[in-house]
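Everything quoted here is computed from the prediction, not taken from an experiment.
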Amino acid sequence: MIELLQKHASALPGIWAMDTARYLLAAGLVALLLRVLAPTVLKHRKIQVRDASATDVRREILSSLRSALVFSLLGFVLYIAAREGWVTIYNGFADAGLVYLALSLALMFVAHDAYFYWTHRLMHHRRLFGLFHRWHHLSRTPTVWTAYSFSVPEAIVQGAFVPLFVALVPMHALALFIFVAVQVVRNVMGHAGYELHPAAFTPGRWLGWNNTTTGHDLHHELGRYNYGFYFRWWDKLMGTEHPGYPEKFKAIVSGKVAAEVRS
């Protein structure tokens, strides 16, 4: 094992830099967007009345950097597995074309949504919550920096999905890049504190099966309900969606309800 780690050790700094930069870029750009647009275009889309404190933000940034390190270590394990031929991450299209890339990517998102929902619910169990998930819920009023604000055990659970999935399903490197990029952006958007999704995401409309910032913000504010990530499917099926979510999302995107009563 030591020899194997030494053989591939030169790749670890690059993996860490990529994972960290990807998160900082996504969170930083959304934070900049909010700073510019929150006083004007987005002022009626603030979900909670209260704001996160500077102490909260500092805690979130530091723990996010820690989580990025955990993710990079798991990525390093996946890199070794791919280089040693234990899993398949390919670059060309000789054996599998664009159709397979698209289908495997779609399957990965659906599988991740299921994985996230059930591990998330499990981490809310009273015997597991303190060890795994309490740290993330210190952020009752989320910010973009909440997205990766995990304890080390939760970061391991969150980061384990990609290696586990690739162990079962051969993936194109481009598909993995797209998956991770979308996952990071959706995660940051889900914790933004302002509703960033258009009215087309209203439940009952054509994109209404997707989760929104309002949906996940309710989860943080109340400590329960709305356990899903990308989609509303599992929450609807298992009866864990907040009953007032559709009305709250409609009110926020319509701008008809003053921010003071949105919490």
Side-chain angles (χ1 to χ4, degrees), residues 23 26-27 30-31 33-34 38 42 45-52 56-57 59-60 63-64 67 109-110 112-124 129 132-151 154-155 157-158 161 181-203 205 207-253 257 259 262-263:
Y23 175 69
V30 175
L33 178 73
L34 292 178
L42 295 176
R45 286 185 168 230
K46 193 174 190 298
I47 299 169
Q48 297 186 32
V49 173
R50 59 180 171 267
D51 295 313
D56 289 332
V57 174
R59 183 192 68 250
E60 291 170 350
S63 57
S64 292
S67 295
F109 281 118
V110 172
H112 186 220
D113 191 65
Y115 177 90
F116 183 89
Y117 178 87
W118 287 107
T119 56
H120 191 186
R121 279 200 69 180
L122 186 62
M123 287 187 290
H124 269 269
F129 184 81
F132 285 91
H133 202 45
R134 184 188 70 85
W135 185 269
H136 188 65
H137 272 277
L138 292 176
S139 302
R140 189 179 174 194
T141 302
T143 75
V144 295
W145 305 106
T146 311
Y148 272 18
S149 183
F150 303 129
S151 66
E154 180 171 7
V157 172
Q158 300 288 0
F161 172 76
V182 171
Q183 178 270 137
V184 171
V185 171
R186 285 296 304 270
N187 201 352
V188 170
M189 289 177 64
H191 294 90
Y194 289 78
E195 185 51 72
L196 301 178
H197 296 79
F201 283 75
T202 303
R205 298 188 63 175
L207 289 176
W209 45 274
N210 287 279
N211 255 330
T212 64
T213 310
T214 301
H216 194 67
D217 199 284
L218 281 168
H219 175 79
H220 273 268
E221 185 177 11
L222 302 174
R224 61 189 187 277
Y225 298 114
N226 301 1
Y227 296 98
F229 188 4
Y230 306 102
F231 315 119
R232 297 170 58 220
W233 302 335
W234 285 106
D235 280 307
K236 294 290 290 181
L237 181 64
M238 303 307 299
T240 54
E241 182 172 83
H242 188 283
Y245 161 66
E247 289 73 22
K248 183 165 186 176
F249 181 80
K250 290 177 187 176
I252 289 174
V253 297
V257 176
R262 286 180 183 165
S263 63

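- In this structure the side chain of Glu221 never reaches within 4.5 angstrom of the side chain of His242, judged on heavy atoms.
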- Please lay out, stage by stage, how Arg140 and Asp56 fare under the test salt bridge (Lys or Arg N to Asp or Glu O under 4.0 Å). CA-CA 9 Å; Arg140 189 179 174 194; Asp56 289 332; over 6 Å; no
- Task: Apply side-chain contact (heavy atoms from CB on, under 4.5 Å) to the pair Lys46 and Tyr194, showing each step before the final yes or no.
- Result: CA-CA 4 Å; Lys46 193 174 190 298; Tyr194 289 78; 3.5 Å; yes
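- Under the 30°/60° scheme for interplanar angles, the aromatic rings of Tyr245 and Phe249 are found to be tilted.
- Under a 3.5 Å cut-off, the side chain of Ser151 and the backbone N or O of Glu154 do form a donor-acceptor pair.
- Tested against Ile47, the residues Leu218, Thr212, Asp217 include a single side chain to side chain contact (heavy atoms under 4.5 Å, CB included) partner, Asp217.
- Listed by chain and residue number, Leu128 satisfy the side-chain contact (heavy atoms from CB on, under 4.5 Å) test with Leu122 (two or more places apart in sequence, or in another chain).
- Side-chain contact between Phe109 and Val182 is present, with heavy atoms from C-beta onward closer than 4.5 Å.
- A distance of 8.5 Å separates CG in Asn187 from OH in Tyr230, rounded to the nearest 0.5 Å.
- No side-chain heavy atom of Thr141 sits under 4.5 Å from any side-chain heavy atom of His220.
- By the side-chain contact (heavy atoms from CB on, under 4.5 Å) test, Tyr117 pairs with Arg121, Tyr227, Trp234, Asp235, Met238, Thr240, sequence neighbours left out.
- Between Tyr225 and Pro243 the shortest side-chain heavy-atom distance falls below 4.5 Å.
- Counting only distance, with no hydrogens or angles, the side chain of Asn211 and the backbone of Phe231 share a donor-acceptor pair below 3.5 Å.
- In this structure, Trp209 and Lys236 have side chains that are not in contact, with every pair of non-hydrogen atoms separated by 4.5 Å or more.
- In this structure, the side chain of Ser67 does not engage the main chain of Ala155 through any donor-acceptor pair within 3.5 Å.
- Side-chain atoms of Glu60 do not come within 3.5 Å of backbone N or O of Ser149 as any donor-acceptor pair.
- No option in Thr214, Leu207, Val253 other than Leu207 meets the side chain to side chain contact (heavy atoms under 4.5 Å, CB included) test with Phe201.
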- Task: Apply side-chain contact (heavy atoms from CB on, under 4.5 Å) to the pair Leu196 and Leu42, showing each step before the final yes or no.
- Result: CA-CA 8 Å; Leu196 301 178; Leu42 295 176; 3.9 Å; yes
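- Remark: Gln158 CD to Phe150 CZ distance equals 4.5 Å, nearest 0.5 Å.
- Scanning for salt bridge (charged side-chain N to carboxylate O under 4.0 Å, His left out) contacts around Arg186 gives an empty result, with sequence neighbours left out.
- In this structure a side-chain-to-backbone donor-acceptor pair under 3.5 Å is missing from Lys248 to Ala251.
- Taking the six-membered ring where the residue is Trp, Phe161 and His112 present tilted rings, their angle falling between 30° and 60°.
- Donor-acceptor pairing under 3.5 Å is lacking for the side chains of His120 and His136.
- Between Val144 and Ala192, the shortest heavy-atom contact is CG1-CA, 4.1 Å.
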